[in-house]
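The chain is numbered in sequence order, starting from 1.
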Amino acid sequence: MSLSDSLIGRFFRGIWSAVVFFYRTLIVLTLVVFVAALWFGFSQRNAPLTLEDNLALALNPEGDIVESFDENPSEQLWREFSGEGPTQVRLRDLVTALTRASADPRITLAVVKLDRTGSAGIPQMEELAAAMQTFRKAGKKIYAWGPYFEQTHYLAVAEADRISLDPMGVVLLEGFSAYQNYFKDALDKLGVNIHIFRVGEYKAAVEPFERNDMSPAAKEANREWLGDLWTSYTESVAFSRQQPADSVDRFVTTMPEAFQQAGGDAAKVALEAKWVDALETLEQFRAEIGKTVGMDDDSGSFRQVHYSEYLAVTDRERAESEMPHVALVAVQGDIVDGESEPGYAGGDTISELLHEARDDDNVKAVVLRVNSPGGSVFASEQIRREVQALRAAGKPVVASMSTLAASGGYWVSMDADRIYAHETTITGSIGIFGLLPTLEKPLEKMGIHTDGVGTTPLAGALRFDRPLSPAVSSLIQSQVEHGYRQFIDGVAKGRNLAPDKVDALARGRVWSGMDAKALGLVDAFGGLTMAADEAARLAKLDAGYR
C-alpha cells in the first residue's frame, strides 16, 4: 500500500469515526431527554389542575422518611412503572403540605395513615407532629387510622384529634434500647488481627472488634442519652393524649397483665389505655370521614387530595419567582469521599452544592440539614470549608440537626452561625478512630505465606497479609491524635468554648440534644422551619423569603 492510500484511508476512517460518534451521542441525548420527559410526565400524572372545596388532605406516605432524595432516578421510574411505589419520602414535603393546608380554605381536615411509612427518626416525627399542631391551631381536625401503630410513628399519630385502630391491630410501645453484636472471640478464632487507633474512651464504634460486651463507659453514655430520648418521648405522647406523664411507662410495664386480662386482644388493650379512640376497619373509618367531606363514588373513599398532588397544585399556584431565598443542603447518611450515592453523603457533592449556593445571587442564606453518623474526616472537612466560605461571603449558615448529627455530622456543623437540634437528636461523638485488619494468621493456617523486600521499612507495610509493625502503628496513632486535636480546636473556635472544656465533653461521647444544648454544643431547640426562619433573620430577609 502506498503512502497516499494510507493517508486517504485514515482520512475516511476519521470521518466515519466522527459520524459514528455523532450518532451515538445523538441517540444517548435523545434517550436521556425521553426518559426525563417520561419521568416528569409520569410523576405528575395524577396531580389535578385545580382543587375543589371541602377536601381532606391525605398524608399516607410510602417509604423511608428522608431529608432529601438520594435514589437513582431510573430506579424510581422503574418502581413507579412496576407498581412497587416509592421508597423515600421527604420530611419537608409532609411538613410543607400541612403548613400550606392549614391556611387553605379548600382543605377541611387531614387524614394521617403511616402504616406504609418506613424508617424514621424521633426528631423527624417531632417535626411532623409540630406541623400537625400548626394545622390544628388553624381550627382544622386531624384523623389517623392504622392496622397497627409502631412506636416511632405513634409520636406523630398521637397528635391527631381522633385515632382509629383496626380491631385486629396493636399499639407497639416498648421503650428504647441500644444492643449490638460483638466479634472479639470470633475474630480470635479466625486469627484476624484488628488494629485499633482512637482518641476518646467513649468512642465505642470500635468496641465490637475488641470486646465481647459493651464497656462500662459506653453503657454509662448510652443509658444517659437513651434516658433523655425516652423521657422526651413519653412526656410528648402523654401530653398529646392528655394523659399523666408516667402513663407510657405504666402501660409498658403492665402490658403482660393487661394482655392476659383482655384475653390477648391487643386492640382492646390499646383502647382501654386510651392510646386510640376507636376500633374500626379502614372501610368504616373512610365512611366516618366521608360524613364531613363527602364520598367519592369513583374511588369508594372520602373526597381527598394526596399530599404530593396538593404540593404540585400549590406550587403551580405560588409560581415562585426569582426572589431572595434560603437554600437547603442536606447531609444525609455516612459521609464519604467523592460523590454522593444512596445512603451516603459525598464530600465532593455536598461541597459543590454549597459552592453553588455561594455563587447564586438569589441565595441569601443556607440551612445545612444534617442526618449523619459521620464518616470520612477529609470529606467532612471539605464540607466545613464550604460552610466557612459561605459565611466569609456574607451568607449566614444555620445547621439543622435531624435524628443523628454525630462525629463527622458534628464536624460539618461546628462552624455554622447557629446550630438547631431537637432534644432527641443524637449528637456529639467528638473523636477520631481508625480500624485496620490484617489476615496474616488465617493465611498461615491455610499454608499461604508472605515474604519479600522493600526499599524502606514502610514499603508494603500496610498490606493486609503482613503484621502491622510498631513503627506503622505509632505513625497511624499520631495521625489520629492530630485529627482529634483539629476537631477539638475547631469546636472550640466555632462554639466559642475553651479547648480544655471541649476536650472534657468530647472524648468520643454521644450526647442527646438536651444535654448538647446545656453543654454549649448546640444553640437552640427547633426543627427545619425554625432553622430556616433563623437563617432568614440573620440574612435580614423579610417574611417573603422562600
- Which class fits the ring pair F209 and F183: parallel under 30°, tilted 30 to 60°, perpendicular over 60°? tilted

- Message: Using only atom types and a distance under 3.5 Å, with no angle test, would you say the side chain of T425 pairs donor to acceptor with the backbone of T403?
- Response: no

- Query: Is the shortest distance from a Lys or Arg side-chain nitrogen in R369 or E127 to a carboxylate oxygen in the other one below 4.0 Å?
  - Reply: yes

- Heavy-atom count around D297 CG within 6.0 Å, excluding the residue itself: above 12? no

- Query: So, does E207 use its side chain to make a donor-acceptor pair with the main chain of S215 at under 3.5 Å?
  - Reply: yes

- Task: Might you point out which heavy atoms bring S164 and F149 nearest each other, and give the distance in Å?
- Result: O-CZ, 3.5 Å

- Message: Between H422 (side chain only) and T424 (backbone N and O only), is there a donor and an acceptor less than 3.5 Å apart?
- Response: no

- Over 12 non-hydrogen atoms of neighbours within 6.0 angstrom of CD in Q260: no

- Task: Find out whether P244 and R250 are in side-chain contact, i.e. whether some heavy atom of one side chain is under 4.5 Å from a heavy atom of the other.
- Result: yes

- Go through the steps to decide whether S402 and Q332 satisfy the test side chain to side chain contact (heavy atoms under 4.5 Å, CB included), and finish with yes or no. CA-CA 10 Å; S402 182; Q332 177 175 275; over 6 Å; no

- Quick one: closest heavy-atom pair of I419 and A416, and the distance? CG1-CB, 4.4 Å

- Item | Side-chain donor or acceptor of R418 paired with backbone N/O of E534 under 3.5 Å | no

- Query: Between E283 and R286, is the closest basic N to carboxylate O distance under 4.0 Å?
  - Reply: no

- Item | Residue pair M132 / V112, side-chain heavy-atom distance below 4.5 Å | yes

- Does a donor on one side chain sit under 3.5 Å from an acceptor on the other, for W230 and D249? yes

- Approximate separation, where rounding is to 0.5 Å, of T234 OG1 and L155 CG: 10.5 Å

- Task: Check the surroundings of atom CD in E341: do more than 12 heavy atoms from other residues, nucleotides or ligands lie under 6.0 Å from it?
- Result: no

- Message: A side-chain contact here means heavy atoms from C-beta on lying under 4.5 Å apart; do L282 and D166 qualify?
- Response: no

- Message: Run R495 and D523 through side chain to side chain contact (heavy atoms under 4.5 Å, CB included) and show every step you take.
- Response: CA-CA 9 Å; R495 308 305 304 149; D523 296 300; 2.6 Å; yes

- Task: Ignoring hydrogens and angles, tell me if any N or O in the side chain of S102 forms a donor-acceptor pair with the backbone of T99 under 3.5 Å.
- Result: yes

- Does some side-chain heavy atom of D533 sit less than 4.5 Å from a side-chain heavy atom of R537? no

- Message: Checking side chain to side chain contact (heavy atoms under 4.5 Å, CB included) between L98 and each of F135, Y310, Y307, which is the one that passes?
- Response: F135

- Item | Carboxylate-amine/guanidinium contact E220 R223, below 4.0 Å | no

- For the pair Q151 (side chain) and G175 (backbone), establish whether a donor and an acceptor sit closer than 3.5 Å, ignoring hydrogens and angles. yes

- Message: If we ignore hydrogens and angles and just use 3.5 Å, is the side chain of T427 paired with the main-chain N or O of G513 as donor and acceptor?
- Response: no

- Start with the C-alpha distance between V95 and L528, add both sets of side-chain angles, then the distance that settles side chain to side chain contact (heavy atoms under 4.5 Å, CB included), and finish with yes or no. CA-CA 9 Å; V95 171; L528 187 57; over 6 Å; no

- For M214 against A178, the heavy-atom pair lying closest together: CE-O, 3.5 Å

- For A270 and V171, the nearest pair of non-hydrogen atoms, with its separation, is CB-CG2, 3.6 Å

- Query: Do T254 side-chain atoms and E257 backbone N/O form a donor-acceptor pair below 3.5 Å?
  - Reply: no

- So, are R241 and D277 salt-bridged, with charged N and O less than 4.0 Å apart? yes

- Message: How long is the straight-line distance from CG of L271 back to CG of L279, given to the nearest 0.5 Å?
- Response: 4.5 Å

- Query: Any side-chain heavy-atom pair from I350 and V329 closer than 4.5 angstrom?
  - Reply: yes

- The complete set of ring-ring contact (aromatic ring centres under 6.0 Å, His included) pairs with one or both residues in residues 256-277, sequence neighbours excluded, reads F251-W275

- Look only at the side chain of H153 and the backbone of M125, and say whether a donor-acceptor pair between them is shorter than 3.5 Å. no

- For the side chain of D417 and the backbone of V397, is there at least one donor-acceptor N/O pair under 3.5 Å apart? yes

- Query: Is there a salt bridge (Lys or Arg N to Asp or Glu O under 4.0 Å) between R100 and D315 once you walk through the steps?
  - Reply: CA-CA 10 Å; R100 289 182 187 176; D315 279 346; 2.9 Å; yes

- Query: How far does CG of D161 sit from OH of Y143, to the nearest 0.5 angstrom?
  - Reply: 6.5 Å

- Task: Kindly assign one of parallel, tilted or perpendicular to the pair W145 and F285, based on the angle between their ring planes and the thresholds 30° and 60°.
- Result: tilted

- Inter-residue atom distance I430.CD1 - W511.CH2, 0.5 Å rounding: 9.5 Å

- Answer yes when E317 and R106 have at least one side-chain N-carboxylate O distance shorter than 4.0 Å, and no when they do not. yes

- So do the side chains of D515 and W225 get within less than 4.5 Å of each other, counting heavy atoms only? no

- Is there side-chain contact between Q124 and E67, with at least one heavy-atom pair below 4.5 Å? yes

- Measure the shortest side-chain to side-chain distance between V510 and S429 over non-hydrogen atoms and say whether it is less than 4.5 angstrom. yes

- Query: Closest approach of S380 and V412, non-hydrogen atoms and distance?
  - Reply: O-CG1, 3.6 Å

- Query: Salt bridge check: are D104 and K140 linked by an N-O gap of less than 4.0 Å?
  - Reply: no

- Query: Nearest 0.5 Å, what's the CG-OG distance between D334 and S340?
  - Reply: 11.5 Å

- Which value, rounded to the nearest 0.5 Å, describes the distance between L165 atom CG and E280 atom CD? 9.5 Å

- Task: Please name the pair of heavy atoms, one in V269 and one in A262, separated by the smallest distance, quoted to 0.1 Å.
- Result: CG2-CB, 3.6 Å

- Could you check F525 against M530 for side chain to side chain contact (heavy atoms under 4.5 Å, CB included), going step by step and ending with a plain yes or no? CA-CA 9 Å; F525 296 136; M530 290 184 66; over 6 Å; no

